[in-house]
Amino acid sequence: CTSIVAQDAKGTIWHGRNLDYGFGDFLRNITVMLDFQTKGQTLYTSTSYLGYVGALTGQRPNKFTITVDERDQGAWWMNALEALLNKKASLVSFLVRETLAEADTYDVAIQRLAYTPLIAPVYFIVGGANVAEGAVITRDRESALDIWTMNPAQGRWFVLETNYDHWEEPPADDNRRMPTMKAMNTTGQAGINASSMFQVSSTRPQFGHVVLSVPHVLNKGTTYTAIMSAAQPQVYNTWVRWP
Amino acid sequence: RDVPVKRYVVNLDAAPEEHFLPMCQDPDILELIPMLKKDAKDMITSLVPEEVLPLVDILTADLDQYLPQPFAGEMRGIANCTGIDLGEIVILNLAYDLTAF
């Protein structure tokens with residue numbers, strides 16, 4: 001997975017994500033967007049799969065956007081044990097959906113995602129609707145290990161996450177972070193908008209006309225790209241990708 | 001082929017079992033169901049260790065005790081309208097957490 005939150009030169013926050021997973025052909029056919037409504041008004045929107053009731057990508061209009069990237073730690077049985085022994089631990093996708101439904105500010109969303117016990121370690125990437133609202137929350141099962149925030153005033157106008165702790169170097173054989181950063185810096189803060197965020201999410205290594213199959217922003221596992229901007233909720237859209 | 005995905009409304013004022021009915025009853029989705037059933041089985045057999053399956057049976061037998069609302073009711077609703085086995089719907093929903101490591 002790759003998730004990016006960026007602030008453009010006018011102070012608008014943009015959130016782009018590629019969801020990479022196995023079983024691509026299965027998942028691509030069942031990817032949908034869902035507008036969760038009460039009294040005819042959209043309370044929140046998510047990108048999901050037929051049959052899936054949680055959320056790994058979503059937006060609360062005019063408030064915040066959330067994406068989840070897997071964190072390469074531990075083993076499946078640790079997650080299963082956590083689920084069995086810790087009744088307070090939430091499924092990742094349930095916490096995201098509950099946060100979209102119940103948190104009514106960016107800060108409340110950050111608190112819920114940072115400190116609610118979880119079954120699995122993950123990254124939550126959160127974008128707001130106001131200047132400088134953007135963060136990557138590195139989670140273990142109990143709590144947040146780190147909350148890495150955007151700081152445009154200090155030149156950090158975007159934060160991004162693939163699947164490795166941002167303070168560590170990613171593995172050499174899966175360094176999607178570097179090409180993503182390069183693409184963002186080439187685009188520049190003045191060039192950031194929905195279309196350029198989609199372009200960054202579509203970056204793949206090419207040698208002339210030959211597409212190289214090395215891990216990249218857009219790779220074989222990418223099932224969809226979603227682009228959101230909480231301050232402009234109508235922007236939110238999702239595209240199935242067939243790399 | 002990078003096409004925008006289809007979009008559906010989930011009416012949160014309806015009972016959880018009815019939340020995903022509009023999607024399930026879409027002819028485009030109905031057409032996919034047979035393939036979905038097969039793909040879901042493939043995904044589950046290759047993704048979930050066999051040791052876990054008895055756990056899922058326990059979970060499914062008493063879903064409301066283990067999973068919060070509206071999720072338990074929604075999974076039941078999806079199983080009813082797609083004809084996909086409830087246990088498989090549960091596994092598909094747990095798959096991310098089980099594989100997020």
Side-chain angles (χ1 to χ4, degrees), chain A residues 21-23 25-40 42-43 45-47 49-54 56 68 70-80 82-84 87 90-94 97-98 101 118-122 198 202 224-225 237-242, chain B residues 1-14 16 19-20 22-24 26 28-29 32-33 35-36 38-40 42-44 46-49 51-52 55 58-59 66-68 70-75 77-79 81-82 84 88-90 92-101:
Chain A
Y21 201 76
F23 312 98
D25 287 347
F26 170 45
L27 295 179
R28 290 183 185 101
N29 279 323
I30 58 172
T31 305
V32 293
M33 279 183 72
L34 301 171
D35 290 310
F36 293 83
Q37 296 188 346
T38 178
K39 299 180 183 63
T42 295
L43 183 60
T45 298
S46 77
T47 302
Y49 299 113
L50 168 66
Y52 198 68
V53 298
L56 300 174
V68 179
E70 176 235 355
R71 182 166 178 242
D72 256 9
Q73 293 269 324
W76 73 265
W77 56 269
M78 291 179 183
N79 298 353
E82 190 72 21
L84 285 171
K87 287 285 174 277
S90 173
L91 274 163
V92 169
S93 62
F94 285 8
R97 194 164 143 203
E98 285 163 346
L118 283 176
I119 285 177
V122 286
F198 183 83
S202 306
Y224 68 74
T225 295
N237 208 346
T238 306
W239 293 265
V240 168
R241 308 308 303 270
W242 302 84
Chain B
R1 298 178 63 196
D2 298 332
V3 293
V5 301
K6 278 199 93 169
R7 200 160 176 151
Y8 300 92
V9 169
V10 174
N11 177 7
L12 294 171
D13 301 325
H19 282 181
F20 290 92
M23 180 166 61
C24 280
D26 176 356
D28 287 346
I29 296 288
L32 284 176
I33 299 283
M35 182 201 74
L36 281 177
K38 180 188 168 309
D39 283 349
D42 291 349
M43 185 173 172
I44 288 164
S46 70
L47 197 61
V48 182
E51 303 89 336
V52 174
L55 278 178
I58 295 168
L59 201 66
Y66 293 105
L67 294 183
F71 304 117
E74 288 175 343
M75 287 186 199
I78 290 169
C81 73
T82 60
I84 295 175
E88 289 179 0
I89 294 287
V90 170
L92 286 175
N93 275 273
L94 297 182
Y96 187 84
D97 282 72
L98 277 180
T99 60
F101 57 87

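Lettering follows sequence order; numbering is per chain, from 1.
- Looking at B/Pro70, only its side chain comes within 4.5 Å of chain A, counting heavy atoms on both sides.
- The candidate with the highest count of non-hydrogen atom pairs below 4.5 Å against chain A, out of B/Gly77, B/Ala40, B/Ala79, B/Cys24, is B/Ala40.
- For B/Met23, the part lying under 4.5 angstrom from a heavy atom of chain A is the side chain only.
- When atom types are taken as modelled, the side chain of A/Arg97 and the backbone of A/Val53 share a donor-acceptor pair closer than 3.5 angstrom.
- With a 4.5 angstrom heavy-atom cutoff, A/Leu43 touches chain B only via side-chain atoms.
- If you take CD on B/Glu88 and CG on B/Asn93, they are separated by 12.5 Å, rounding to the nearest 0.5 Å.
- Side-chain contact between B/Pro4 and A/Met33 is absent, with no heavy atoms from C-beta onward closer than 4.5 Å.
- Results of the side chain to side chain donor-acceptor pair (under 3.5 Å) test with A/Thr238 over A/Thr31, A/Thr47, A/Thr45 single out A/Thr47 as the only residue that passes.
- Not counting sequence neighbours, the partners of B/Lys6 by the side chain to side chain contact (heavy atoms under 4.5 Å, CB included) test are B/Tyr8, B/Asp26, B/Asp28.
- For a residue to count as touching a neighbouring chain, one of its non-hydrogen atoms must lie under 4.5 Å from one of that chain's; by this rule B/Ile78 touches chain A with the side chain only.
- Ring geometry for A/Tyr52 against A/Tyr49 counts as perpendicular: the plane angle is over 60°, on a 0 to 90° scale with 30° as the lower cut.
- The greatest number of non-hydrogen atom pairs below 4.5 Å with chain B, out of A/Thr225, A/Leu118, A/Ile30, A/Leu50, is found for A/Leu50.
- Contact annotation for A/Arg28: neither backbone nor side-chain heavy atoms come within less than 4.5 Å of a heavy atom of chain B.
- Contacts between B/Leu36 and chain A at a heavy-atom distance below 4.5 Å involve backbone atoms as well as side-chain atoms.
- In this structure, chain B has a heavy atom under 4.5 Å from the side chain of A/Tyr21, while its backbone stays farther away.
- Among residues two or more places apart in sequence or in another chain, the ring pair (Phe, Tyr, Trp, His ring centres under 6.0 Å) test is passed with A/Phe36 by A/Tyr44.
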